[in-house]
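Contents: one structure, followed by commentary.
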Amino acid sequence: MENRTLIGGQWGDEGKGKVIDALGEGFDWVIRYQGGANAGHTIQIGASEHVVHLIPSGVFREGVRNYLGGGMVIDPWALRDEILELEATGHTVRDRLYISSTAALLMPYHKRFDELYEEQRKRRSIGTTGRGIGPAYQDKLRRTGLRVGDLALPLEKLERIAIEHILEANELLSSLFDAEPLPAKVLAEELVTLAQTLRPMIADGFTVLRGVREGTQSALFEGAQGTLLDIDHGTYPYVTSSNCTVGGALTGTGLPPRCLGDIVGVFKAYCTRVGNGPFPTELLAEEGEHLRELGGEYGATTGRPRRCGWFDLVAARYAVGINGLNGVVITKLDVLDTLPAIQVAEAYDLDGERLVDFPVRLDASQRARPVYKDLPGWEKPTGKARKLSDLPAGARKYLEYLERSLGVLIVGISVGKTRDQMILTPTGVTT
Ligand code: GDP
Ligand code: IMO
Ligand code: MG
């Protein structure tokens, strides 16, 4: 089986979980490599909906091994809860979950700092998920943070080190924010209990991923968040704290570039964003609300209403270029089924000048106005289509237009939430 790397092409929530699950059958490994429980990947199996935050979406496919890479920040409390929740719904998890010992450990004080930093920013808040992501990466980069491997220390030592870290965090909470201290002893004891639960799953990536490195085992890499939320290439500072673009799959696993296989971007047939920051094609008021209702656009992690707007070719071409995408999957095509007319941004207008490249400077991306192309809708249902020729002509035209404008083959189309609502188009959609 050919390896594949799936990357969010927009601002997250493109339907990566659904696509990973739909394509996941037969892979030896599904590998997460960056981010943490800020991700919310939804997988609909029959009538039941599951949202995974830390555990890879491969967990719903029998026999697939799931790996949490060293580039992640892992909240052991959240991970334990997620394992228990999946087990309660009849899924086996522990015997095929591997957690890199080099992943950063996300502690309760990181969540507290996340909240306090956001409050401090007031009007300029990022609108984080509140999962402690930024502060955990901050400790990693300062080289002061705990790691998953520390959970394998002798328990007394682990407890002692955990108390030291929590007390240090308490000093900062008090001096920076005049905030209440966290109960160090209680949390350290909880961590010791969690360590005993998680220890059997802690792995050395260089050893367990040997088969992937040597090409005898196949892997599907599961990106979290999306290209425009990347710490370096996104709409900084309105981004997350990890590399959601292709480089993250390398540094976040320690695997060499040849292992990544095809680099496939996942894009919605329109656009959404949750949290603050620039969004040139955003639709406001009733228009935006209409799309939100059609698409059920509420955050899988925080339940927040997502901002909605038209497909943005300027931003999408940027994602194609930055990641070197050689395939694209378009999701949620069915959401547009009832619309009489559709718009797509082909360029931006910035102070009277036409821009075709995404402006990375914040002030420019905030001021850029979309230049739209109008396309007719198809006003027919697409949810039952299983091959390209089942789609209404108007929907095929829309996809052909996107494929041509992106210059990359559309290799898959998702037309609903369930696994089978997927059209595979390995040779593209242009006939
Ligand atoms: P992710 O973070 O990229 O995995 O995406 P989310 O799970 O946060 O959000 C995607 C939402 O769209 C979820 O509720 C999915 O069940 C749903 N979804 C995914 N693909 C499709 C599709 O093709 N059609 C429709 N109607 N819903 C979809
Ligand atoms: P998936 O993997 C959509 C957004 C937050 C906020 C910014 C920073 O489900 O696509 P953070 O908590 O990471 O410090 O928040 O990034 N964000 C996401 N938006 N989907 C996600 O993940 C996201 N993860 C973070 O809303 O704007
Ligand atoms: Mg999501």
Side-chain angles (χ1 to χ4, degrees), residues 6-22 32 34-45 48-54 56-57 72-73 75 106 110-111 113-115 117-118 121 125-138 222-231 234-242 244 265-279 293-307 329-337 381-383 385 412-423:
L6 254 89
I7 291 178
Q10 297 159 323
W11 279 280
D13 302 330
E14 298 89 350
K16 300 176 293 291
K18 187 240 146 118
V19 177
I20 294 276
D21 174 65
R32 275 275 312 263
Q34 42 73 228
N38 49 348
H41 296 179
T42 314
I43 293 100
Q44 178 96 23
I45 297 171
S48 52
E49 185 172 279
H50 304 271
V51 181
V52 285
H53 301 283
L54 287 163
S57 303
M72 293 183 70
V73 284
D75 174 344
L106 189 150
H110 292 130
K111 287 167 56 174
F113 281 118
D114 195 359
E115 274 169 43
Y117 283 132
E118 282 284 271
R121 285 189 193 104
S125 73
I126 295 169
T128 70
T129 59
R131 297 298 187 270
I133 305 299
Y137 277 115
Q138 205 178 336
E222 176 175 359
Q225 290 80 52
T227 297
L228 293 156
L229 288 173
D230 182 281
I231 180 76
T235 47
Y236 187 90
Y238 298 99
V239 291
T240 189
S241 298
S242 67
C244 326
V266 184
F267 295 81
K268 272 180 200 171
Y270 50 100
C271 236
T272 64
R273 170 164 208 168
V274 57
N276 302 326
F279 181 1
E293 292 314 314
L294 289 174
E297 295 294 354
Y298 295 88
T301 297
T302 57
R304 290 178 291 176
R306 294 177 183 149
R307 299 156 66 193
V329 173
I330 301 289
T331 62
K332 305 193 90 162
L333 185 71
D334 56 296
V335 172
L336 305 182
D337 282 354
T382 56
I413 305 146
S414 172
V415 292
K417 289 178 166 223
T418 60
R419 247 180 210 177
D420 61 312
Q421 288 179 299
M422 188 83 198
I423 304 174

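Just follow the structure's listing: the first ligand is 1, and inside any ligand the first atom is 1.
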- Partner set under salt bridge (charged side-chain N to carboxylate O under 4.0 Å, His left out) for E293, not counting sequence neighbours: none
- Item | Proximity flag K16 to ligand 2, non-hydrogen atoms under 4.0 Å | yes
- Can an N or O of K16 be found at a distance shorter than 3.5 Å from an N or O of ligand 1? yes
- For ligand 1, find out whether one of its N or O atoms is nearer than 3.5 Å to an N or O atom of K18. no
- Ignoring angles and geometry beyond distance, decide whether V335 reaches within less than 3.5 Å of ligand 1 through its nitrogen or oxygen atoms. no
- Min heavy-atom dist G40 to ligand 1 below 4.0 Å: yes
- Task: Pick whichever of T301, T240, L229 has a heavy atom sitting closest to atom 17 (N) of ligand 2.
- Result: L229
- Item | Sub-3.5 Å N/O-N/O distance, G12 and ligand 1 | no
- Message: Among R419, K18, K332, which residue satisfies the side chain to side chain contact (heavy atoms under 4.5 Å, CB included) criterion with S414?
- Response: K18
- Message: Checking a contact table here: which protein heavy atom is nearest atom 22 (C) of ligand 1, and how many Å away?
- Response: G416 O, 3.2 Å
- Item | ligand 1 N/O within reach of R306 N/O, cut-off under 3.5 Å | yes
- Does ligand 2 have an atom under 4.0 Å from some heavy atom of H41? yes
- Identify, for atom 8 (C) of ligand 2, the protein heavy atom at the shortest distance, and state residue, atom and that distance. V239 O, 3.3 Å
- Does Q44 have a heavy atom less than 4.0 Å from any atom of ligand 1? no
- With no hydrogens and no angle check, is any side-chain donor or acceptor of R273 less than 3.5 Å from a backbone partner on P278? yes
- Task: Could you tell me the residue and atom name of the protein heavy atom closest to atom 25 (C) of ligand 2, and the distance to it rounded to 0.1 Å?
- Result: Q225 CG, 3.8 Å
- Query: With only distance considered, is L333 within less than 3.5 Å of ligand 1 through an N or O on each side?
  - Reply: no
- N/O/S of G40 less than 2.8 Å from the Mg ion (ligand 3)? yes
